[in-house]
Amino acid sequence: MPAIIGNVQILNISGGIVNFGDALNIAPKSNSKTNDGSGSSNTGGLVITNNGFNATNAFDPDVLDQPNAANN
(Lines give C-alpha, C1' and ligand atoms only; values in the text may rest on other atoms or scores of the structure.)
Protein backbone atom coordinates (compact mmCIF):
# COMPACT_ATOMS: atom_id res chain seq x y z
CA MET A 1 0.00 0.00 0.00
CA PRO A 2 1.56 3.32 -0.99
CA ALA A 3 2.23 5.89 1.68
CA ILE A 4 2.98 9.59 1.74
CA ILE A 5 6.23 10.32 3.54
CA GLY A 6 6.94 13.80 4.87
CA ASN A 7 10.34 15.30 5.62
CA VAL A 8 13.07 12.74 6.23
CA GLN A 9 16.56 13.41 7.53
CA ILE A 10 19.00 10.51 7.74
CA LEU A 11 22.18 11.48 9.55
CA ASN A 12 24.06 8.18 9.62
CA ILE A 13 23.61 4.65 8.33
CA SER A 14 25.99 2.05 9.67
CA GLY A 15 24.87 -1.12 7.95
CA GLY A 16 21.35 -2.35 7.43
CA ILE A 17 18.68 -1.28 4.96
CA VAL A 18 16.63 1.89 4.64
CA ASN A 19 13.51 1.26 2.58
CA PHE A 20 10.77 3.66 1.47
CA GLY A 21 7.83 2.04 -0.27
CA ASP A 22 6.45 -1.44 -0.64
CA ALA A 23 8.58 -4.47 0.17
CA LEU A 24 7.79 -8.16 0.39
CA ASN A 25 10.91 -9.31 2.18
CA ILE A 26 13.83 -7.34 3.62
CA ALA A 27 16.54 -9.44 5.18
CA PRO A 28 19.98 -7.84 5.58
CA LYS A 29 22.62 -10.50 5.97
CA SER A 30 26.02 -9.97 7.49
CA ASN A 31 28.36 -11.74 9.86
CA SER A 32 31.39 -10.76 11.83
CA LYS A 33 33.73 -12.22 14.40
CA THR A 34 35.43 -10.59 17.36
CA ASN A 35 37.95 -11.81 19.89
CA ASP A 36 37.50 -10.05 23.21
CA GLY A 37 39.59 -10.53 26.30
CA SER A 38 38.58 -10.09 29.90
CA GLY A 39 36.80 -6.78 30.43
CA SER A 40 37.45 -5.45 26.93
CA SER A 41 33.84 -4.81 25.84
CA ASN A 42 32.72 -2.78 28.82
CA THR A 43 30.95 0.47 27.96
CA GLY A 44 29.69 3.27 30.14
CA GLY A 45 30.47 6.62 31.63
CA LEU A 46 32.87 5.30 34.29
CA VAL A 47 34.22 1.79 33.91
CA ILE A 48 36.74 0.37 36.36
CA THR A 49 37.93 -3.15 35.51
CA ASN A 50 40.50 -4.90 37.64
CA ASN A 51 41.89 -8.00 35.93
CA GLY A 52 44.85 -10.17 36.58
CA PHE A 53 46.89 -11.68 33.79
CA ASN A 54 44.72 -12.77 30.86
CA ALA A 55 45.28 -13.82 27.29
CA THR A 56 42.87 -14.24 24.40
CA ASN A 57 43.54 -17.06 21.98
CA ALA A 58 42.60 -15.70 18.54
CA PHE A 59 43.81 -18.75 16.59
CA ASP A 60 41.06 -19.93 14.22
CA PRO A 61 41.92 -23.17 12.39
CA ASP A 62 38.76 -23.41 10.26
CA VAL A 63 38.49 -21.34 7.09
CA LEU A 64 34.79 -20.41 7.13
CA ASP A 65 32.69 -20.02 10.26
CA GLN A 66 29.38 -18.91 8.77
CA PRO A 67 29.38 -18.54 4.98
CA ASN A 68 27.06 -15.91 3.61
CA ALA A 69 27.24 -16.58 -0.14
CA ALA A 70 24.29 -18.99 -0.53
CA ASN A 71 21.96 -17.34 2.00
CA ASN A 72 20.41 -14.73 -0.28
Side-chain angles (χ1 to χ4, degrees):
M1 176 179 224
I4 298 173
I5 299 174
N7 296 336
V8 176
Q9 181 180 15
I10 299 174
L11 298 176
N12 186 13
I13 298 175
S14 177
I17 293 175
V18 176
N19 183 45
F20 297 102
D22 298 336
L24 175 67
N25 186 9
I26 299 176
K29 293 178 175 63
S30 66
N31 49 21
S32 63
K33 185 173 192 175
T34 58
N35 295 309
D36 291 339
S38 176
S40 64
S41 295
N42 295 331
T43 59
L46 176 64
V47 176
I48 299 173
T49 305
N50 297 317
N51 295 321
F53 175 77
N54 66 66
T56 301
N57 183 10
F59 176 69
D60 189 14
D62 51 344
V63 178
L64 294 174
D65 291 328
Q66 183 178 354
N68 222 15
N71 289 333
N72 292 325

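Taking CD1 of Ile48 as the start and CG of Asn42 as the end, the distance is 11.5 Å to the nearest 0.5 Å.
With sequence neighbours left out, Asn51 forms a side chain to side chain contact (heavy atoms under 4.5 Å, CB included) with Ser38, Thr49, Asn54. Thr34 meets the side-chain hydrogen bond (donor to acceptor under 3.5 Å, both in side chains) test with no other residue; sequence neighbours excluded.
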